[in-house]
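Below is one structure; the comments refer to it alone.
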Amino acid sequence: VQLQASGGGLVQPGGSLRLSCAASGRTFSDYTMGWFRQAPGKEREFVAAIYRSGGSTPYANSVKGRFTISRDYVKNIVYLQMNSLKPEDTAVYYCALRIGRIITSQTMRISTYDYWGQGTLVTVSS
């Protein structure tokens with residue numbers, strides 16, 4: 001399985017970006033895809049997750065109401081629309097995949113995921 005993340009860049013506070021993560025390498029019946037981020041000097045943290053088959057989409061409290069995760073289940077691409085960006089959103093964003101569907105509480109754990117993308121840098125600065 002390969003995950004290709006893209007869409008990062010430099011944006012001003014209050015701006016928007018959309019990240020994409022394309023999954024390839026096998027046929028997926030279902031999966032859980034998560035977005036995580038890691039700011040300089042900090043631990044990697046959960047941002048949001050989604051299931052290929054649909055259903056609940058958990059978010060970190062810090063991004064609720066500003067970020068939206070969605071997926072194109074035909075193309076196996078997951079998106080992270082980020083609005084009202086703040087300087088504290090600056091980080092390398094990683095997508096991660098776990099084959100199959102897992103319970104919501106497990107979507108927030110780094111150890112849950114089997115595959116990781118290479119990361120894409122988001123910088124929020126004026």
I need the minimum non-hydrogen distance between Y113 and G34, along with the two atoms involved.
CE2-N, 3.6 Å

Closest heavy-atom pair, Y59 versus F46, reported as atoms and distance to 0.1 Å, is C-CE2, 3.8 Å

Ring-ring centroid check Y94 F36, cutoff 6.0 Å
no

Holding to side chain to side chain donor-acceptor pair (under 3.5 Å), I want the full list of residues that pass it with R71, two or more places apart in sequence or in another chain.
none

List for me each residue that meets side chain to side chain donor-acceptor pair (under 3.5 Å) alongside E45, sequence neighbours excluded, and say none if there are none.
R37

Do any N or O atoms from the side chain of T112 and from the backbone of Q106 form a donor-acceptor pair under 3.5 angstrom?
yes

Measure across V47 and L80 and return the closest heavy-atom pair with its distance rounded to 0.1 Å.
CG1-CD2, 4.1 Å

What closest approach, in Å, do L19 and Y93 show between heavy atoms, and which atom pair accounts for it?
CD1-CB, 3.6 Å

I'd like to know if I110 and V92 are part of one continuous hydrophobic network [Ile/Leu/Val/Met/Phe/Trp/Tyr, side-chain heavy atoms within less than 4.5 Å].
yes

Please identify which of these residues, T68, I69, T104, meets the side chain to side chain contact (heavy atoms under 4.5 Å, CB included) condition with T57.
I69

Just wondering, do Y31 and V78 contact through their side chains at under 4.5 Å, heavy atoms?
yes

Which residues pass the side chain to side chain donor-acceptor pair (under 3.5 Å) test with S16, sequence neighbours left out?
N83

Could you check if a side-chain atom of P58 sits within less than 4.5 angstrom of a side-chain atom of M108, using non-hydrogen atoms only?
yes

Mind checking what makes salt bridge (charged side-chain N to carboxylate O under 4.0 Å, His left out) contact with R66, not counting sequence neighbours?
D89

Taking the six-membered ring of Y73, is the NZ or CZ of R52 close enough (under 6.0 Å from the centre) and on axis enough (within 45°)?
no

Do the side chain of R26 and the main chain of V1 share a donor and acceptor less than 3.5 angstrom apart?
no

Looking only at heavy atoms, which two atoms of I99 and L97 are closest? And how far apart?
CD1-CD2, 3.4 Å

T107 side chain to I102 main-chain N or O, any donor-acceptor pair under 3.5 Å?
no

Side-chain H-bond candidate by donor/acceptor type, R101 with S53, under 3.5 Å:
yes

With a 6.0 Å cut-off (strictly less than), is the heavy-atom count around CZ of F28, excluding the residue itself, greater than 12?
yes

Show, in sequence, the C-alpha distance, side-chain angles and deciding distance for S56 and Y51, and conclude whether the side chain to side chain contact (heavy atoms under 4.5 Å, CB included) test is met.
CA-CA 8 Å; S56 64; Y51 304 106; 3.7 Å; yes

According to a hydrophobic-cluster definition based on side-chain heavy atoms being under 4.5 Å apart (Ile, Leu, Val, Met, Phe, Trp, Tyr only), do L85 and V63 belong together?
yes

Nearest atoms (heavy-atom pairs only) where C21 meets W35:
CB-CZ2, 3.6 Å

Considering only distance and modelled atom types, tabulate donor-acceptor pairs under 3.5 Å from the side chains of residues 116-126, sequence neighbours left out.
{"from": "Q118", "atom 1": "OE1", "to": "A5", "atom 2": "N", "distance (Å)": "3.3"}
{"from": "Q118", "atom 1": "NE2", "to": "A5", "atom 2": "O", "distance (Å)": "2.8"}
{"from": "T120", "atom 1": "OG1", "to": "G8", "atom 2": "N", "distance (Å)": "3.0"}

Sequence neighbours excluded, the answer for side chain to side chain donor-acceptor pair (under 3.5 Å) partners of Q38 is R44

Assess the residue pair I50 and T32 against the criterion (side chain to side chain contact (heavy atoms under 4.5 Å, CB included)); give the C-alpha distance rounded to whole Å, side-chain angles, the decisive distance to 0.1 Å, and a yes or no.
CA-CA 6 Å; I50 194 166; T32 304; over 6 Å; no

Around E88, counting heavy atoms of other residues, nucleotides and ligands shown, do more than 12 lie under 6.0 Å from its CD?
yes

